[in-house]
Engineer: 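Sharing a structure, written as structure tokens. Questions coming.
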Amino acid sequence: EITRPNYYAVELNPSNAKKKIGVEITATERCGIFRISFPENQSRYLFIEASQQSQFNGWIKIDTINNEIIGWNADRQSAHLGPPLPNFKGYFIVQFSQPIKNYATWLNGTFTEGNIQQQGDACGARVSFNADTLLVKIGTSFISLDQARDNLDHEIPFWFFDIIREQTAFTWNSYLE
């Protein structure tokens with residue numbers, strides 16, 4: 001495991017896998033990019049959680065044409081700090097550098113293969129890929145899906161992980177100097 005202000009890396013060792021999955025993350029102000037290295041001849045699944053608690057609703061949609069997932073979540077993760085915000089939503093866009101191979105959604109632990117959309121508590125999506133290396137860009141917004149897309153287009157307009165990592169290091173260094 002490696003932790004720096006501009007970079008995080010970890011090797012995951014799934015219980016049924018022969019080799020480890022490498023995950024690297026770097027970020028901008030409102031967006032992030034992951035580089036995931038899957039072992040050869042292993043399953044290549046990602047799970048995107050839209051909501052995880054019965055008191056908070058979420059929505060998720062898989063778009064195989066544009067290789068992306070969009071959604072929102074009503075859980076602000078800091079509800080213990082203040083009163084409930086009934087209209088709160090955190091919006092997200094998740095884009096993949098490789099085509100989505102297979103997909104499903106889930107609701108309360110029940111998967112529906114081939115389903116592209118799900119709403120409710122404890123819901124999300126599962127997608128799989130053929131590539132050994134996958135880049136994943138994520139844009140977020142508290143305003144709208146369009147704003148999350150604009151943030152992603154502005155902050156991470158390309159698929160170059162190391163350039164974003166270097167730019168983020170420069171930003172952190174300018175703050176910390």
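For this chain, numbers begin at 1 and follow the sequence in order. Model, not experiment: these values are computed from the prediction.
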Engineer: Please enumerate all residues that pass side chain to side chain contact (heavy atoms under 4.5 Å, CB included) together with Q147, with sequence neighbours excluded.
Structural biologist: S141, I143, S144, D150, N151

Engineer: Under the ring pair (Phe, Tyr, Trp, His ring centres under 6.0 Å) rule, collect the residues that match up with Y8, sequence neighbours excluded.
Structural biologist: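 None.
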
Engineer: Mind checking what makes salt bridge (Lys or Arg N to Asp or Glu O under 4.0 Å) contact with E113, not counting sequence neighbours?
Structural biologist: R126

Engineer: Given 3.5 Å as the limit, does a donor-acceptor pair link the side chain of N13 with the main chain of K20, or not?
Structural biologist: no

Engineer: Within a strict 4.5 Å, meaning less than it, do heavy atoms of the Y45 and V127 side chains meet?
Structural biologist: no

Engineer: Of the non-hydrogen atoms in G58 and C123, which two are nearest, and what is the gap between them?
Structural biologist: O-SG, 3.7 Å

Engineer: Checking N66 now: which residues fulfil side chain to side chain contact (heavy atoms under 4.5 Å, CB included) with it, not counting sequence neighbours?
Structural biologist: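 N66 satisfies side chain to side chain contact (heavy atoms under 4.5 Å, CB included) with D63, E68 only.
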
Engineer: Would I60 and I70 count as a side chain to side chain contact (heavy atoms under 4.5 Å, CB included) if you check the C-alpha gap in whole Å, the side-chain angles of each, and the deciding distance to 0.1 Å?
Structural biologist: CA-CA 6 Å; I60 198 163; I70 62 173; over 6 Å; no

Engineer: Say you draw a straight line from OG of S37 to NZ of K19; how long is it, rounded to the nearest 0.5 Å?
Structural biologist: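 Interatomic distance, S37 OG to K19 NZ, rounded to 0.5 Å: 12.5 Å.
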
Engineer: Do I48 and I93 belong together in a cluster built from hydrophobic side chains that touch within less than 4.5 Å?
Structural biologist: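 No.
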
Engineer: Give me the other members of the hydrophobic cluster that W172 sits in, counting Ile, Leu, Val, Met, Phe, Trp and Tyr linked by side-chain heavy atoms under 4.5 Å, directly or via other members.
Structural biologist: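 Its cluster partners, ordered by chain and number, are L176.
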
Engineer: What pairs with F96 under ring pair (Phe, Tyr, Trp, His ring centres under 6.0 Å), at least two apart in sequence or on another chain?
Structural biologist: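 Here the qualifying residues are F129.
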
Engineer: Looking at residues at least two apart in the chain, or sitting in another chain, which of them share a side chain to side chain donor-acceptor pair (under 3.5 Å) with R165?
Structural biologist: none

Engineer: Are F92 and I164 linked, directly or through intermediate hydrophobic residues, by side-chain heavy-atom contacts shorter than 4.5 Å (ILVMFWY only)?
Structural biologist: no

Engineer: Tell me, please, which residues at least two apart from D132 pass side chain to side chain donor-acceptor pair (under 3.5 Å).
Structural biologist: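 R44.
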
Engineer: Tell me which one of D153, L145, L152 satisfies side-chain contact (heavy atoms from CB on, under 4.5 Å) with R149.
Structural biologist: D153

Engineer: Inspect the surroundings of OH in Y175 and state if more than 12 heavy atoms from other residues, nucleotides or ligands are less than 6.0 Å away.
Structural biologist: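 Result for OH/Y175: open.
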
Engineer: Just how far is it from atom CD of Q98 to atom OG of S128, taken to the nearest 0.5 Å?
Structural biologist: 12.5 Å

Engineer: Just so I know, are the side chains of N57 and N73 near enough to count as touching, which here means a heavy-atom distance under 4.5 Å?
Structural biologist: no

Engineer: On a heavy-atom basis, which atom in W159 and which in Q95 lie closest, and how many Å separate them?
Structural biologist: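 Between these two residues, the closest heavy atoms are CH2-O, 3.5 Å.
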
Engineer: My understanding is that only residues two or more places apart in sequence, or in another chain, count here; which of them pass side chain to side chain donor-acceptor pair (under 3.5 Å) with Q119?
Structural biologist: none

Engineer: T105 versus I116: any side-chain heavy-atom pair under 4.5 Å?
Structural biologist: no

Engineer: Is there side-chain contact between I36 and T133, with heavy atoms separated by less than 4.5 Å?
Structural biologist: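 A side-chain contact is absent here, since even the closest heavy-atom pair is not under 4.5 Å.
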
Engineer: Is F38 reachable from V94 through a run of I, L, V, M, F, W or Y residues, each pair having side-chain heavy atoms under 4.5 Å apart?
Structural biologist: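 Looking at the clustering, F38 is in the same group as V94.
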
Engineer: Taking the side chain as every heavy atom from C-beta outward, state whether F34 and L134 have any atom pair closer than 4.5 Å.
Structural biologist: no

Engineer: Measure the spacing between OG1 of T140 and CZ of R30 and express it to the nearest 0.5 Å.
Structural biologist: 8.0 Å

Engineer: Report the residues that fulfil side chain to side chain contact (heavy atoms under 4.5 Å, CB included) with F142, sequence neighbours left out, ordered by chain and then residue number.
Structural biologist: F88

Engineer: My understanding is that only residues two or more places apart in sequence, or in another chain, count here; which of them pass ring pair (Phe, Tyr, Trp, His ring centres under 6.0 Å) with F111?
Structural biologist: W106

Engineer: Does some side-chain heavy atom of T28 sit less than 4.5 Å from a side-chain heavy atom of I156?
Structural biologist: yes

Engineer: Among H154, E155, K137, find the one that has a side-chain contact (heavy atoms from CB on, under 4.5 Å) with C31.
Structural biologist: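 Going through the options one by one, the only one that passes is E155.
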
Engineer: Please name the pair of heavy atoms, one in I62 and one in A104, separated by the smallest distance, quoted to 0.1 Å.
Structural biologist: CD1-O, 3.6 Å

Engineer: Same cluster or not: are I100 and V136 linked, directly or through other Ile, Leu, Val, Met, Phe, Trp or Tyr residues, by side-chain heavy atoms under 4.5 angstrom apart?
Structural biologist: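 Yes; tracing contacts between hydrophobic side chains, which count when under 4.5 Å, links both residues.
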
Engineer: Work out which heavy atom in S51 is nearest to a heavy atom in G120; give both atom names and the distance.
Structural biologist: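 Minimum heavy-atom contact is OG-O, 2.7 Å.
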
Engineer: My understanding is that only residues two or more places apart in sequence, or in another chain, count here; which of them pass side chain to side chain contact (heavy atoms under 4.5 Å, CB included) with I2?
Structural biologist: R4, Y7, A9

Engineer: Hydrogens and angles aside, do N6 and T168 bring a side-chain donor and acceptor to less than 3.5 Å of each other?
Structural biologist: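 No.
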
Engineer: Following the transitive rule for hydrophobic clusters with a side-chain heavy-atom cut-off under 4.5 Å over Ile, Leu, Val, Met, Phe, Trp and Tyr, establish whether Y103 and L46 coincide in one cluster.
Structural biologist: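 Yes, one cluster joins them.
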
Engineer: I'd like to check I33 versus I138 (side-chain heavy atoms, cut-off strictly below 4.5 Å). Are they in contact?
Structural biologist: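 When only atoms from C-beta onward are counted, I138 and I33 do not touch, as no gap falls below 4.5 Å.
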
